[in-house]
Amino acid sequence: MSRKSKAKRRKAIILRNKKLVKRYPWIAFNGWNRSRKDGYSYTMYDDVPTGWKRAFGKIMLEDYRRLLIRNHYLNEFRWVQVKEKYGTLRLYSNGAPKDVLELESKYDYISRFFCISCGRMNSPVLTDGWVEPLCEDCYNKRIARQRQWYVKDDEEKDFTYMEYKDLMKESQEIKMIITYKCFLPERGDYESKRDYTQTINRIIARQNKLFKNKVMWDTAGVKEENGNG
């Protein structure tokens, strides 16, 4: 890439990030990581893996914005760290009202069902030695690139898939109600149920726009594809 092309690309990134930060001020760089440059060349949203940004990034940001405005906390809230950990999205903040903070656990749970590389809702797999949700296609591409490194010690190594069976349904509509075990000193142990049905189905609707083939499942929980491949 030429110097002129790099400068043009950098300018486009800065303009894009300015628009994002204006609408979602909590993603602005906060200075905790001194290796990052200040300004609009980087935002905390850049640390959300590509596949998850593609699958539900804007939906997630709008969820945050709606609740922050409702709680009059839009300009006080900040993301302090964003990363993948144990195969899910981790969002760390400077504190906020309870219903805002619950979004962190919401997208922590939802992210495990989407490919971290391309964003497809599929049967994620756990890669060898590192928990990473990848769809079948991205998994195979990864292994094809790395096979020489992987098999040098064991030529018979078997690369198998591990499905998240609790998400396999026979239709596009998914009911997702999660029970969390909680504890409060004044209350003791208790269970809290959270309904993610509306969010997961909004993301599924987006999947149909992102990918040519609709993601569907048969009654046995085996993925099927509609279309010409």
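In what follows, every heavy atom counts, from backbone to side chain, and hydrogens, waters and symmetry copies are set aside.
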Colleague: Just verifying a value: how many Å separate Ile203 CD1 and Leu210 CG, rounded to the nearest 0.5 Å?
Modeller: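 These two atoms lie 11.0 Å from each other.
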Colleague: Side chain of Thr197, backbone of Met176: donor and acceptor closer than 3.5 Å?
Modeller: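 Yes, the answer is positive, given that a donor and an acceptor are paired below the 3.5 Å cut-off.
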Colleague: Establish whether Tyr180 and Leu101 are linked, either directly or via other cluster members, by ILVMFWY side-chain heavy-atom contacts under 4.5 Å.
Modeller: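 No, because Tyr180 and Leu101 fall into different hydrophobic clusters, even though each may have its own neighbours under 4.5 Å.
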Colleague: Regarding Asp47 and Tyr42, do their side chains bring together a donor and an acceptor under 3.5 Å, going by distance alone?
Modeller: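 Looking only at side-chain atoms, Tyr42 and Asp47 do form a donor-acceptor pair, the distance falling under 3.5 Å.
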Colleague: Tell me, please, which residues at least two apart from Lys18 pass side chain to side chain contact (heavy atoms under 4.5 Å, CB included).
Modeller: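 Ile14, Tyr40.
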Colleague: Between OG of Ser117 and CG of Leu134, what distance do you get to the nearest 0.5 Å?
Modeller: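 So the OG of Ser117 and the CG of Leu134 are separated by 6.5 Å.
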Colleague: Assigning hydrophobic clusters by single linkage (Ile, Leu, Val, Met, Phe, Trp, Tyr; side-chain heavy-atom cutoff under 4.5 Å), is Leu20 placed with Leu15?
Modeller: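 Leu20 and Leu15: separate clusters.
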Colleague: To the nearest 0.5 Å, tell me how far Ile178 CD1 sits from Ser192 OG.
Modeller: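 Nearest 0.5 Å value for the CD1-OG distance: 11.5 Å.
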Colleague: Hey, what do you get for OH (Tyr107) to CG (Leu89), rounding to the nearest 0.5 Å?
Modeller: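 Atom-to-atom, Tyr107:OH and Leu89:CG are 10.0 Å apart.
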Colleague: For Arg194 and Thr179, test the side chains for any donor-to-acceptor distance below 3.5 angstrom and give the result as yes or no.
Modeller: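 Not at all, the side chains of Arg194 and Thr179 share no donor-acceptor pair under 3.5 Å.
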Colleague: Do the side chain of Arg187 and the main chain of Leu184 share a donor and acceptor less than 3.5 angstrom apart?
Modeller: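 Side chain of Arg187 to backbone of Leu184, a donor-acceptor pair under 3.5 Å: no, none is there.
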Colleague: Same hydrophobic cluster for Leu91 and Tyr196, using side-chain heavy-atom links shorter than 4.5 Å among ILVMFWY?
Modeller: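 Yes: a chain of side-chain contacts under 4.5 Å links Leu91 to Tyr196.
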Colleague: Any donor and acceptor pair, going by atom type alone, linking the side chain of Gln207 with main-chain N or O of Gly119 inside 3.5 Å?
Modeller: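 Such a contact is found between Gln207 side chain and Gly119 backbone.
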Colleague: Do Gln81 side-chain atoms and Ser93 backbone N/O form a donor-acceptor pair below 3.5 Å?
Modeller: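 Looks like no, no N/O pair under 3.5 Å.
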Colleague: List in chain and number order the residues that pass side chain to side chain contact (heavy atoms under 4.5 Å, CB included) with Phe183, two or more places apart in sequence or in another chain; answer none if no residue qualifies.
Modeller: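 Applying side chain to side chain contact (heavy atoms under 4.5 Å, CB included) to Phe183 gives Pro185, Asp189.
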Colleague: Would a hydrophobic clustering, with Ile, Leu, Val, Met, Phe, Trp and Tyr connected at side-chain separations under 4.5 Å, put Tyr64 with Val21?
Modeller: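 Per the 4.5 Å side-chain linkage, Tyr64 and Val21 are co-clustered.
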Colleague: Inspect the contact between Lys106 and Asp195 and indicate whether a charged nitrogen and a carboxylate oxygen are less than 4.0 angstrom apart.
Modeller: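 Salt bridge: no.
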Colleague: Quick one: list whatever passes salt bridge (charged side-chain N to carboxylate O under 4.0 Å, His left out) with Asp46, sequence neighbours left out.
Modeller: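 Asp46 satisfies salt bridge (charged side-chain N to carboxylate O under 4.0 Å, His left out) with Arg16 only.
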Colleague: Is there a side chain to side chain contact (heavy atoms under 4.5 Å, CB included) between Tyr73 and Leu67? Walk through the geometry before answering.
Modeller: CA-CA 8 Å; Tyr73 210 75; Leu67 288 181; over 6 Å; no
Colleague: Is any side-chain heavy atom of Ser41 closer than 4.5 Å to one of Arg10?
Modeller: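 Sidechains of Ser41 and Arg10: in contact.
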Colleague: Hey, could you give me the CE/CZ distance between Met44 and Arg78, rounded to the nearest 0.5 Å?
Modeller: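 CZ of Arg78 is found 11.0 Å from CE of Met44.
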Colleague: For a 4.5 angstrom cut-off between non-hydrogen side-chain atoms, does Ile204 reach Met121?
Modeller: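 Of all side-chain heavy-atom pairs linking Met121 with Ile204, at least one is under 4.5 Å.
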Colleague: Check whether any side-chain heavy atom of Tyr45 lies under 4.5 Å from a side-chain heavy atom of Val82, and answer yes or no.
Modeller: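 The answer is no, as the side chains (C-beta and beyond) never meet within the 4.5 Å cut-off.
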Colleague: Checking Lys85 now: which residues fulfil side chain to side chain contact (heavy atoms under 4.5 Å, CB included) with it, not counting sequence neighbours?
Modeller: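 With neighbours one apart ignored, the set is Lys83, Arg90, Tyr92.
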Colleague: Just list the side-chain donor-acceptor pairs under 3.5 Å for residues 49-61, sequence neighbours left out, or say none.
Modeller:
from  : atom 1 : to     : atom 2 : distance (Å)
Trp52 : NE1    : Ser111 : O      : 3.1
Trp52 : NE1    : Phe114 : O      : 3.0
Arg54 : NH1    : Cys118 : O      : 3.2

Colleague: By side chain to side chain contact (heavy atoms under 4.5 Å, CB included), which residues pair with Arg65, not counting sequence neighbours?
Modeller: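 Arg65: side chain to side chain contact (heavy atoms under 4.5 Å, CB included) contacts with Arg23, Tyr24, Trp26, Glu62, Ile69, Leu74.
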Colleague: Side chain to side chain contact (heavy atoms under 4.5 Å, CB included) with Trp79: which of Asn94, Thr43, Ile27?
Modeller: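 In the set Asn94, Thr43, Ile27, the residue that makes a side chain to side chain contact (heavy atoms under 4.5 Å, CB included) with Trp79 is Ile27.
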Colleague: Given 3.5 Å as the limit, does a donor-acceptor pair link the side chain of Asp63 with the main chain of Val100, or not?
Modeller: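 Not confirmed, Asp63 side chain does not pair with Val100 backbone.
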